[in-house]
Structures are given as C-alpha cells and as structure tokens.
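Lettering of chains follows the sequences in order, A, B, ..., and the numbering in each one begins at 1.
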Protein chains: 2
Amino acid sequence: MGQTPASARDIASLRKRLEAYMERNGLRSTTQRRLVTEVFFRSDGHVSIEELLSAVRRHDPRVGYATVYRTLKLLKESGLAHERHFGDGMSRYEVHAEDEHHDHLICTECGRIVEFEEPAIERLQERVARRYGFRLTRHKHELYGVCPPCDRAARGKAT
Amino acid sequence: MGQTPASARDIASLRKRLEAYMERNGLRSTTQRRLVTEVFFRSDGHVSIEELLSAVRRHDPRVGYATVYRTLKLLKESGLAHERHFGDGMSRYEVHAEDEHHDHLICTECGRIVEFEEPAIERLQERVARRYGFRLTRHKHELYGVCPPCDRAARGKAT
DNA sequence: GTCGCTGCAAAACGTTTGCATTTAG
DNA sequence: CTAAATGCAAACGTTTTGCAGCGAC
C-alpha cells in the first residue's frame with residue numbers, strides 16, 4: 001500500500017526526476033540536499049518537518065531547519081512531494097508517485113493515516129465541478145474518524 | 001443558498017442554542033460576546049477573524065482580537081460554528097446550521113467559495129470508511145479550481 | 001463579592017527570510 | 001571565481017496566554 005516506503009526502483013526514478021529538474025533550473029546538488037531528499041524518499045507515509053529533520057540529523061547533526069524547509073519547497077516545486085494539512089497545526093509531506101492518486105482517512109484518536117482510492121468519488125467530483133462551471137485543478141478529501149483499534153479501546157473503557 | 005446570511009428565524013434559534021449552552025456551562029452573556037455572536041450569525045459565507053473583528057469594531061471600536069478568538073472558540077465548542085482552512089493561512093468560520101451539511105468549491109484565482117451538496121459522495125464516503133473499519137465522525141472535502149469568470153479572463157488573456 | 005470576562009501586550013506556534021559564510025560547478 | 005546553498009538568528013503572520021482591571025450575576 002501507499003504507506004510503505006518507495007521501493008529501490010521507485011527511488012531511482014525519483015532521484016532521476018529530481019536531477020533532471022535541478023539541471024533544468026541550474027540548481028546544485030549539495031551534500032545536505034542529497035541527504036534530505038534520500039531520507040524523504042525512503043520515509044513512509046506522511047512526514048512532518050520535525051520528523052524529517054531529526055531523521056536527517058541522525059546522519060548529520062549540523063543540518064538546520066531552514067535547509068529542510070527549503071529542500072521540501074524544492075521537492076514540491078519539482079512535483080516530487082505533496083504537502084498535506086491534517087489539522088494538527090503542521091505541514092506533512094508525502095512522496096508524489098507520478099501516476100497514483102489517493103485521499104486520506106485519519107484517526108482522530110491516534111493520528112493514524114490510511115490512504116484510499118475511490119474512482120466513483122473522483123467521477124462525482126468532476127460532475128459537481130461541471131455543475132458550477134469550475135475547471136478543477138486539485139482537491140482535498142479527508143475522512144476523519146476512529147480507527148478499529150482505537151474504537152475497540154474506547155468501547156472497552158466505556159460502560 | 002448557504003452563502004446567504006441566516007434568516008431572522010434561524011438567528012433566533014442560533015441565539016437560543018447559544019444561551020442554552022452558556023447557561024449549561026455557567027458562562028456569562030457580556031456586551032462584547034453578544035456583539036460578536038450577532039455579527040457572526042448575520043455574516044454570510046466564510047468569515048475570517050480579521051473580517052469579523054473589523055465588522056465588530058464598526059459597532060464598538062474597543063473590542064480586541066482576543067475576545068473575537070475566544071468567542072469563536074466558544075461558538076465552535078457549542079457546535080454553532082465550523083472552522084475551515086482553505087489554505088490561505090488563516091482560519092475561516094461559518095455558521096453551523098443544525099441539520100444542513102455541505103462541502104466547498106474554491107476558486108484558486110479569486111478565492112470565491114461555492115458550497116455544494118452531493119449525497120452520492122456522502123454515501124460513498126461511508127462505504128470507504130466501512131471498508132477500513134473506521135467509525136466516521138466528520139470529513140473535509142474541498143475542490144480547488146478556476147471559477148467561470150476567472151477562467152474566461154484567463155483564456156481571454158492567453159493566446 | 002465572586003468569579004468569569006475583557007483588553008492589552010507578550011509569548012507561542014510553524015514557517016520564512018536576511019545575511020555572512022561555505023561550497024558546487 | 002561566481003553564484004547558489006547553508007546555518008544561524010531574527011522576522012513573520014496567526015493564534016494563544018498571563019494578568020490586572022472590569023462587569024455579570
């Protein structure tokens with residue numbers, strides 16, 4: 001599923017896309033940038049800047065906040081990362097695989113994030129947009145609720 | 001439609017719900033609180049704190065930011081307001097009519113917000129949640145795109 | 001007279017930016 | 001050598017909070 005880190009083959013392709021983008025824009029491949037992007041590509045799920053930075057710092061403790069922010073901005077611009085806001089106050093980032101698209105189910109108890117795809121919903125969205133004459137560019141669809149383990153725990157405690 | 005201010009009857013009911021909530025919780029009905037809530041109930045669409053505060057200050061210039069924030073927190077907690085985040089960096093609030101539910105189409109050019117309802121999508125959401133065993137509590141569904149006037153303007157300029 | 005509320009200003013939060021220094025090309 | 005990238009700390013915009021004084025009940 002989408003929660004698992006990108007495979008070796010995927011990472012090679014991500015690296016390649018990034019290099020192409022950087023070359024095209026006269027950007028430089030620095031030690032820190034390589035480190036941050038590699039850690040990001042291998043991360044699973046939906047990382048925050050904090051999480052990313054502390055993972056990066058395990059390899060090189062001198063890397064600063066700003067570099068991580070700037071590198072993720074670059075990844076967004078190059079289309080390799082998606083920025084998400086799940087209402088916990090900070091941005092989270094996930095690897096953007098060229099083709100695939102999904103939305104999210106979020107557990108309000110433990111913060112677990114599950115990805116889902118539902119083509120029927122996508123089609124209906126297009127219909128809604130057409131109804132109002134909008135040309136759709138993107139969307140955000142998040143379902144908030146309680147995941148099975150948390151729900152069991154809650155029911156256990158109550159009564 | 002949902003964009004228009006609540007009618008006189010609605011406002012009476014909102015006021016009543018708020019009073020009940022305040023009484024239940026031993027809260028006090030102050031001049032500022034009444035002013036902020038009245039302005040909010042009469043507002044149409046999706047107000048930001050800034051917009052709300054400046055509307056409030058037209059009636060009483062001494063009211064401070066903190067009061068508006070605190071009053072909106074109260075309105076959220078009492079279930080009378082919904083907080084929304086459309087990615088422009090600040091929270092927006094809308095009156096939460098007991099029964100009705102809708103989602104949003106947002107124009108990325110001019111910021112226009114259109115509300116929509118699509119029961120078929122709601123049903124599919126439930127199905128997705130069931131698929132993963134989640135007990136759904138709420139959701140966020142936003143479609144971003146270009147509204148008809150902006151789209152026309154864009155096409156006019158190009159080519 | 002309580003105790004909750006207000007207004008102010010200060011702090012907090014995640015994020016961005018200016019600048020001197022380092023480093024890739 | 002030049003221009004881009006780094007790391008730090010300071011600035012940012014939004015939201016929250018501490019506190020002395022005020023006002024509802």
Inter-residue atom distance A/E83.CD - A/Y93.OH, 0.5 Å rounding: 4.0 Å
What is the distance from CZ of B/R28 to C1' of C/dT2, rounded to the nearest Å? 7 Å
Can we say B/E94 and B/R84 salt-bridge, meaning some charged N sits less than 4.0 Å from an Asp/Glu carboxylate O? yes
Distance-only donor-acceptor check, side chains B/R17 and B/S78, under 3.5 Å: no
Sugar-phosphate or base contact per nucleotide [nucleotides 6-11 of chain C; S, B, -; heavy atom under 4.0 Å]: BBB---
Run the salt bridge (Lys or Arg N to Asp or Glu O under 4.0 Å) check on B/R131 and A/E118 step by step: do they pass? CA-CA 11 Å; B/R131 186 147 78 217; A/E118 183 49 75; 3.2 Å; yes
Test A/H101 against A/H141 for ring pair (Phe, Tyr, Trp, His ring centres under 6.0 Å), laying out the working first. CA-CA 11 Å; A/H101 166 77; A/H141 195 179; 9.7 Å; no
Closer than 4.0 Å, any side-chain N/O of A/Y69 to the OP1 or OP2 of C/dT16? no
Evaluate whether atom NE2 of A/H59 has more than 12 neighbouring non-hydrogen atoms of other residues, nucleotides or ligands under 6.0 angstrom away. no
Aromatic ring centroids of B/H104 and B/F86 under 6.0 Å? yes
Using heavy atoms to find the nearest nucleotide of DNA chain D for B/I49 and B/R34 separately, return the residue whose nucleotide is more 5′. B/I49
Would you say B/E50 has more than 12 foreign heavy atoms packed within less than 6.0 Å of its CD? no
Pairwise 5' ranking along DNA chain D for B/L27 and B/E83, keeping only the more 5' one: B/E83
Could you tell me from which nucleotide to which nucleotide of DNA chain D, 5' to 3', there is an atom under 4.0 Å from chain B heavy atoms? D/dT14 to D/dC25
